[in-house]
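Residue numbering restarts at 1 for every chain, and letters A, B, ... go by the order of the sequence lines.
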Amino acid sequence: MISLAFLRENPDFVIERLRIKNFQASEYVSQIINYDKSRRSLQKQLDDNFAEQNKIAKEIGILFKEGKKEEAQLLKDRTAVLKVEAKTIEENFSSNENAINEILVLLPNIPHSSVPKGYSAEDNEVVYSEGDLTLPSYFLPHWEVCEKKKLINFEIGSKLTGAGFPIYIGKVAKLQRALINFFLDNALEANYIEIQPPYMVNEDSAFATGQLPDKEGQMYHVSKDNLYLIPTAEVPLTNIYRNMILKNEDLPVKHCAYSACFRREAGSYGKDVRGLNRLHQFDKVEIVQITTPENSYLILDEMKAYVLTLLQKLELPFRIIRLCGGDMSFTSALTYDFEVFAKGQQKWLEVSSVSNFENFQANRLKLRYKNENGKTQLLHTLNGSALALPRIVAALLENHQTEQGNIYIPKALQVYTGFELI
RNA sequence: GGAGAGAUGGCAGAGUGGUCGAUUGCGGCGGUCUUGAAAACCGUUGACCUUCACGGGUCCGGGGGUUCGAAUCCCUCUCUCUCCGCCA
């Protein structure tokens with residue numbers, strides 16, 4: 001959520017920057033400013049009213065002690081009038097406040113100055129790439145490899161649960177376990193503190209990280225207890241710090257977590273969902289950092305560099321992309337996507353997304369710190385996948401095929417898998 | 001699931017209708033003393049809205065109510081603890 005104070009002071013800037021995200025904000029912004037104006041004048045009226053009521057209440061107390069009942073009664077009559085007035089003002093006030101908030105949650109985050117204008121994935125900017133893209137003729141897409149070697153069974157998953165919930169069998173099950181440990185150990189080495197979070201969160205948490213209200217349909221909901229299955233560990237990880245004021249020496253906060261992730265992926269269909277490319281349940285190791293506004297872009301670079309080393313260790317060809325305004329998420333100010341080239345299906349697969357949310361999440365979270373001047377100020381939150389498993393597994397199965405039809409396990413992973421070939 | 005107790009500032013813990021936004025202790029910060037430190041002593045120390053400022057207002061788990069006046073009384077929700085039941 002964009003902070004109201006910032007919007008009040010920089011309305012034109014907000015409107016102009018949101019154009020990069022192809023969002024027409026001018027109507028919303030002027031509405032908010034009008035509501036805010038009357039909200040503040042109502043607040044003044046209400047404060048004055050309460051001030052008088054408070055004063056009278058104290059006077060009545062004194063009069064009662066002195067036994068001056070009649071005089072007290074006169075003052076009581078005055079408060080009765082004030083209370084009626086206060087009630088109307090209050091109603092007006094809160095309807096203004098609600099109106100502001102309703103509009104405010106509709107505004108996406110302001111994109112960073114480096115974000116290119118654009119409408120879709122075609123307008124994204126490739127900022128880095130490495131790895132060998134040559135295509136041996138015998139390479140198969142991972143779903144064919146899985147079928148041939150009986151590694152992943154999609155049909156049984158459908159029988160158990162539904163489409164998008166495959167079962168992993170034998171060596172590929174262990175490969176997944178190995179990847180989780182590999183990712184976690186790397187994160188620990190980079191000084192992230194590991195968390196095991198709950199897989200369900202309440203409404204407040206889902207709202208604070210921005211899943212509600214805009215992405216409600218994307219989450220599985222347990223209606224009986226009004227809980228949401230987490231679409232990513234980002235939600236519990238970031239919400240740890242909801243309603244907190246951190247000290248300077250606590251920063252930056254660095255957390256990593258493994259979790260299963262649950263996504264309904266409502267509205268997605270077609271060739272993109274083939275095999276492991278898009279699942280309803282998948283495993284992921286997530287990294288989250290919380291830092292001061294001055295440092296957040298340095299931290300974003302640090303996180304980007306960290307994810308890069310993971311892909312290098314997995315010996316996968318990849319590229320880093322700076323998302324254009326139109327392709328960015330609602331909450332992000334700057335996002336780098338990591339795409340791995342899956343040679344079997346000859347396709348770039350998004351395996352990580354590293355974002356700086358600046359204070360957009362922190363504003364909803366009420367996550368602040370005391371700066372050097374002793375002022376409380378919103379922090380910046382960042383997160384990244386490091387990494388999501390299914391597409392990495394797909395890429396490993398597709399890119400590390402040998403001529404004999406086996407799958408080679410990269411050196412860095414072998415100590416975790418205990419085998420060199422599948 | 002049943003019965004009971006509780007939720008107060010960074011922490012501990014008073015306060016049961018009237019200058020209480022809250023006694024006190026610890027912790028934090030500043031100072032005196034000291035070569036330095038400790039101890040002792042003095043001062044200071046919550047968040048939010050609003051105002052150029054002075055100031056005003058809100059917040060004692062959340063929401064609602066009673067009252068001229070609520071941390072204090074009532075209702076409700078959430079959470080925590082104790083006991084019983086069930087259970088990996």
Side-chain angles (χ1 to χ4, degrees), chain A residues 1-10 32-104 196-208 212 222-228 236 239-251 253 260 290 359 362-379:
Chain A
M1 200 156 68
I2 298 177
S3 87
L4 181 58
F6 183 82
L7 191 103
R8 182 159 63 216
E9 278 153 40
N10 312 281
I32 288 176
I33 287 178
N34 284 334
Y35 281 128
D36 182 50
K37 239 183 218 157
S38 57
R39 183 190 125 259
R40 283 192 291 167
S41 103
L42 288 166
Q43 165 129 46
K44 174 86 178 104
Q45 291 174 37
L46 203 57
D47 284 358
D48 290 347
N49 184 302
F50 284 158
E52 192 175 347
Q53 284 192 48
N54 289 341
K55 200 173 133 238
I56 291 176
K58 277 177 190 167
E59 284 169 14
I60 290 175
I62 294 164
L63 289 174
F64 266 119
K65 268 184 199 153
E66 295 171 348
K68 296 176 182 167
K69 290 235 168 82
E70 303 78 33
E71 285 175 54
Q73 188 54 47
L74 280 176
L75 289 177
K76 275 193 185 185
D77 295 344
R78 172 67 186 149
T79 8
V81 175
L82 286 172
K83 280 184 104 166
V84 174
E85 279 176 21
K87 201 165 181 213
T88 357
I89 301 171
E90 217 165 357
E91 275 163 12
N92 260 315
F93 177 82
S94 56
S95 81
N96 267 281
E97 204 167 49
N98 290 339
I100 291 169
N101 280 328
E102 269 169 34
I103 302 171
L104 216 47
Q196 281 196 353
Y199 288 5
M200 292 187 220
V201 293
N202 58 29
E203 241 180 314
D204 287 347
S205 295
F207 177 80
L212 292 179
V222 182
S223 56
K224 196 159 187 180
D225 300 292
N226 196 24
L227 297 173
Y228 293 88
N239 270 285
I240 294 171
Y241 296 92
R242 172 151 46 90
N243 277 323
M244 280 200 182
I245 298 177
L246 300 179
K247 293 189 189 116
N248 228 325
E249 62 260 34
D250 300 330
L251 300 169
V253 170
I290 298 168
N359 65 21
N363 191 30
R364 285 201 197 182
L365 289 159
K366 293 199 171 55
L367 166 54
R368 293 159 295 174
Y369 79 115
K370 266 200 202 304
N371 67 16
E372 311 76 52
N373 310 321
K375 252 195 100 175
T376 47
Q377 199 179 344
L378 290 171
L379 283 160

Could you tell me the Watson-Crick or G-U partner of [N], where both distances fall under 3.5 Å? Say none if there is no partner.
N: B:rG4; answer: B:rC81
N: B:rG27; answer: B:rU45
N: B:rA40; answer: B:rU32
N: B:rU16; answer: none
N: B:rA53; answer: none
N: B:rC86; answer: none
N: B:rA70; answer: none

Are [X] and [Y] packed together at the side-chain level, in the sense that at least one heavy-atom pair is separated by less than 4.5 angstrom?
X: A:Asn239; Y: A:Leu365; answer: yes
X: A:Leu379; Y: A:Val253; answer: no
X: A:Gln45; Y: A:Ser41; answer: yes

message: As an exercise, state the distance from CG of A:Leu4 to CG of A:Asp36, rounded to the nearest 0.5 Å.
response: 4.5 Å
Measuring only the [atom1] atom in each nucleotide, how far is [N] from [M]? A whole number of Å is fine.
N: B:rG62; M: B:rG25; atom1: P; answer: 27 Å
N: B:rG27; M: B:rU82; atom1: C1'; answer: 30 Å
N: B:rU67; M: B:rG31; atom1: C1'; answer: 47 Å
N: B:rC59; M: B:rG9; atom1: P; answer: 16 Å
N: B:rG30; M: B:rA22; atom1: P; answer: 25 Å
N: B:rC49; M: B:rG21; atom1: C1'; answer: 16 Å
N: B:rC11; M: B:rA47; atom1: P; answer: 13 Å
N: B:rG6; M: B:rC73; atom1: P; answer: 11 Å

Contacts under 3.5 Å, N or O only, protein and nucleotides 8-10 of chain B:
none

Output all residues satisfying side chain to side chain contact (heavy atoms under 4.5 Å, CB included) with [X], sequence neighbours left out; order by chain, then residue number.
X: A:Val81; value: A:Arg78, A:Glu85
X: A:Asp250; value: A:Leu246, A:Lys247
X: A:Leu75; value: A:Ile56, A:Glu59, A:Ile60, A:Leu63

Non-neighbouring partners of A:Lys44 that pass salt bridge (charged side-chain N to carboxylate O under 4.0 Å, His left out), sequence neighbours left out: A:Asp48
- prompt: Ignoring hydrogens and geometry, is there a side-chain-to-backbone donor-acceptor pair from A:Asn359 to A:Leu378 under 3.5 Å?
  reply: no
query: Quick one: what's the B/S/- string for nucleotides 45-70 of chain B, heavy-atom cutoff under 4.0 Å, read 5' to 3'?
result: --SSBSS----BSS---------BS-
query: More than 12 foreign heavy atoms under 6.0 Å from OH of A:Tyr228: is that the case here?
result: yes
